[in-house]
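Step one of this worksheet: look at the structure below.
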Amino acid sequence: MMAQQFETIALVGIGLIGSSIAREIREKQLAGTLVVSTRSAATLTRAEQLGLGDRYTLSAAEAVKGADLVVVSVPVGASGAVAAEIAAHLKPGAIVTDVGSTKGSVIAQMAPHLPDTVHFIPGHPIAGTEHSGPDAGFVGLFRGRWCILTPPTGADEEAVAKLRLFWETMGSMVDEMDPEHHDKVLAIVSHVPHIIAYNIVGTADDLEAVTESEVIKYSASGFRDFTRLAASDPTMWRDVCLHNKDAILEMLARFSEDLAYLQRAIRWGDGDKLFDLFTRTRAIRRSIIQAGQDTAMPDFGRHAMDPK
Ligand SMILES: NC(=O)c1ccc[n+]([C@@H]2O[C@H](COP(=O)([O-])OP(=O)(O)OC[C@H]3O[C@@H](n4cnc5c(N)ncnc54)[C@H](O)[C@@H]3O)[C@@H](O)[C@H]2O)c1
Ligand SMILES: O=C(O)C(=O)C[C@]1(C(=O)O)C=C[C@@H](O)C=C1
């Protein structure tokens, strides 16, 4: 058993991430009382059946009353509406955080609604799966994974330290960065890879329809890896694309340029170029595995994303 960290924690949203946090809080007894709220009655009933909290409500406003920590775990496009709903009911001194995959947009949506009497410290655990909903969560999801906090300038140090400890207790390694940098890094390591996966699986599916070939049936393991990512939640990823638009478009432009380079090398039979690139990328994978950090984020430098 670990020490209680908050008297009352309120979770708004109880899908993969919210329910994983709930399971960790319960297992490690991090809260005196855990209040669970979500938008749909069916999901709330399921959360109750799974025993994820101590109290359950369909009202986010009701859930946050008296809470010392509020964790918003909803699709990023819904963050503004949640902030507007809870704002007037937050306890002075409460820490309000989120887990959204984009940070600039979440802050722009939430901050204007939140009163100065609370500490708003946005966050993002870099851990997940292609599954969603309260059944998908599990203890251990955050273990050995990064959680990035993007506290605003002048944020209360004690509040940041408390949130840091919360994530560390769930097994995460915590880093802090500014939201713009977060959004660029995540665009290349998470958002663009998902977009590529959605695209390649879509293309294969279209080809099958056109040629009646057996693209899907005979897909080898490389393609299967893409289908896992492409099975991720459509609402979540629609929102990520719409809410990290600039960084994603910037990274996609670079990706397209590099793809054109590869295309030319193939067209002109330039085996050396292909071999060099494939050797470089293989070394990256191997160095990640060797470091025992196949879950870790690549180091792009804290504030200089553009490598060339
Ligand atoms: N899935 C991942 O791999 C992953 C990883 C890290 C962060 N995230 C982020 O975590 C957040 C939640 O993702 P998830 O995977 O848990 O999604 P999920 O679909 O499993 O759960 C979303 C939850 O939000 C609730 N919800 C949806 N719209 C709402 C609204 N308007 N008001 C209140 N509640 C609402 C749903 O009922 C559900 O309880 C997202 O912002 C996502 O970007 C996801
Ligand atoms: O492993 C996966 O399935 C994930 O998609 C997790 C993943 C990622 O890209 O690493 C997805 C989105 C997040 O915001 C954080 C983590």
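Numbering of ligands and ligand atoms starts at 1, following listing order. Note that the structure is a prediction, hence the values are computed from the model and not measured.
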Purely on distance, is any nitrogen or oxygen of Gly13 under 3.5 Å from one on ligand 1? no

What residues form a ring pair (Phe, Tyr, Trp, His ring centres under 6.0 Å) with His194, not counting sequence neighbours? Trp237

Candidate with minimal heavy-atom separation from atom 6 (C) of ligand 2, of Gly128, Pro125, Ala197, Ser101: Gly128

Can His124 be said to touch ligand 2, with heavy atoms closer than 4.0 Å? yes

Counting heavy atoms under 4.0 Å, the part of Ala127 that contacts ligand 1 is backbone

Using a 4.0 Å heavy-atom cut-off, which part of Ser232 comes near ligand 2: side chain, backbone, both, or neither? neither

Before signing off on this row, confirm whether Ile14 and ligand 1 have an N or O atom pair separated by under 3.5 Å. yes

Under 4.0 Å between heavy atoms, the region of Trp237 that gets near ligand 2 turns out to be side chain

Per salt bridge (Lys or Arg N to Asp or Glu O under 4.0 Å), Lys103 is matched among Asp183, Asp98, Asp178 by Asp98

Using heavy atoms and a threshold below 4.0 Å, how should the contact between Met236 and ligand 2 be classified: side chain, backbone, both, or neither? side chain

With only distance considered, is Ser101 within less than 3.5 Å of ligand 1 through an N or O on each side? yes

For ligand 1, the portion of Ile17 having any non-hydrogen atom under 4.0 Å away: both

For ligand 1, is any non-hydrogen atom under 4.0 Å from Thr129's backbone (N, CA, C, O), its side chain (CB onward), both, or neither? backbone

